[in-house]
> 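Shown below is the structure under consideration.
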Amino acid sequence: MVSKVFEGTNVEIPAVLANRDRRVATQAKLLREHPSQVVVACKLNIPGPVKNSAAIQAFFTAGLARLEDQWLACGQPFEIATSWEDAPTGPERFYLLYSYIALYSYIALA
């Protein structure tokens, strides 16, 4: 399995930088459209030119399943806003958390 982790398409630096810009734009859009919610962006920092493979996706989704289980266990409502698990630059997922703290903070600042 270890040898297959980094088997896949090589990604060049310009693609990684373009994806960073896409991530920033997505986060800004979600914050603008959902000002009373918390935006959580999940991604992996993957060394080398291969940023996505079946093994990387399996690791990513297993970690997100644990995160979601923790949120559910403590009663934290959430939704998946968008997900790029097949992106050649690496899997990513964006969540919106329905947080009473964020809502009260928003009301207090308004």
Side-chain angles (χ1 to χ4, degrees):
M1 180 67 147
V2 173
S3 64
K4 295 185 180 194
V5 170
F6 297 108
E7 288 181 8
T9 304
N10 286 356
V11 178
E12 301 294 328
I13 296 295
V16 173
L17 296 176
N19 187 66
R20 179 191 62 191
D21 293 342
R22 181 173 93 151
R23 180 183 324 106
V24 168
T26 299
Q27 289 171 335
K29 180 180 181 221
L30 289 170
L31 287 168
R32 189 172 52 255
E33 292 176 353
H34 306 278
S36 64
Q37 293 171 277
V38 175
V39 174
V40 176
C42 298
K43 65 178 282 311
L44 299 173
N45 290 321
I46 304 166
V50 175
K51 306 293 185 189
N52 210 341
S53 67
I56 289 170
Q57 285 184 21
F59 177 79
F60 184 71
T61 56
L64 292 181
R66 289 192 64 194
L67 175 64
E68 292 173 8
D69 286 346
Q70 293 281 327
W71 283 337
L72 291 170
C74 71
Q76 172 62 61
F78 67 92
E79 76 175 84
I80 298 170
T82 191
S83 191
W84 309 333
E85 277 145 51
D86 294 331
T89 51
E92 299 188 42
R93 185 178 291 172
F94 298 83
Y95 293 93
L96 293 172
L97 300 185
Y98 298 88
S99 172
Y100 298 113
I101 294 170
L103 178 60
Y104 290 135
S105 298
Y106 176 75
I107 292 169
L109 294 174

> Calculate, to the nearest 0.5 Å, the distance between atoms OH and CD belonging to Y98 and E79 respectively.
3.0 Å
> When hydrophobic residues are tied together by side-chain contacts of less than 4.5 Å, even through go-betweens, does L44 share a cluster with V11?
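No, because L44 and V11 fall into different hydrophobic clusters, even though each may have its own neighbours under 4.5 Å.
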> Do Q57 and D86 get their side chains close enough for a donor-acceptor pair, meaning under 3.5 Å?
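Indeed, the side chains of Q57 and D86 share at least one donor-acceptor pair under 3.5 Å.
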> Where does the angle between the aromatic ring planes of Y95 and W71 fall among parallel (under 30°), tilted (30 to 60°) and perpendicular (over 60°)?
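The arrangement is perpendicular - the two ring planes meet at more than 60°.
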> Looking at E68 and R93, does any basic side-chain N land under 4.0 Å from a carboxylate oxygen?
yes
> What closest approach, in Å, do Q27 and F94 show between heavy atoms, and which atom pair accounts for it?
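Smallest heavy-atom distance, with atoms named: CG-CE2, 3.7 Å.
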> Please find the pair of heavy atoms, one from K4 and one from S53, that lie closest to each other, and give the distance.
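K4 and S53 have their closest heavy atoms at O-OG, 3.9 Å.
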> What distance do K29 atom NZ and H34 atom NE2 have between them, rounded to the nearest 0.5 Å?
8.0 Å
> Going only through I, L, V, M, F, W and Y residues with side-chain contacts under 4.5 Å, is there a path from I80 to V40?
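Same cluster.
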> Within a 6.0 Å radius of atom CZ on F59, are there more than 12 heavy atoms belonging to other residues, nucleotides or ligands?
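Counting other residues, nucleotides and ligands, CZ of F59 stays at 12 neighbours or fewer.
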> I'd like to know if V5 and I46 are part of one continuous hydrophobic network [Ile/Leu/Val/Met/Phe/Trp/Tyr, side-chain heavy atoms within less than 4.5 Å].
yes
> Taking all non-hydrogen atoms of both residues into account, name the closest pair between P47 and F6 and its distance.
O-CE2, 3.8 Å
> Which atoms form the tightest heavy-atom contact between R22 and A87, and what is the distance?
NH2-CB, 4.3 Å
> Please report the interatomic distance SG(C42) to CH2(W84), rounded to the nearest 0.5 Å.
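Going from SG on C42 over to CH2 on W84, the span is 12.5 Å.
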> Do V50 and T9 pass the side-chain contact (heavy atoms from CB on, under 4.5 Å) test, and can you show the C-alpha distance, the side-chain angles, and the key distance before you say yes or no?
CA-CA 6 Å; V50 175; T9 304; over 6 Å; no
> Treat each ILVMFWY residue as a node, draw an edge where side-chain heavy atoms are under 4.5 Å apart, and state whether L97 and L30 are in one component.
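Result: no, two separate clusters.
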> Minimum heavy-atom separation for N52 to E85, with atom names?
ND2-O, 2.9 Å
> Cluster question for you: counting only ILVMFWY and a side-chain heavy-atom cut-off of under 4.5 Å, with indirect links fine, are L72 and L67 together?
yes
> Rounded to the nearest 0.5 Å, what separation is found between the NZ atom of K43 and the NZ atom of K51?
8.0 Å
> If the test is side chain to side chain contact (heavy atoms under 4.5 Å, CB included), which one of V38, V39, L96, T26 qualifies with L31?
V39
> To the nearest 0.5 angstrom, please state how far the CD atom of E12 sits from the CG atom of L17.
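So the gap between those two atoms works out to 11.5 Å.
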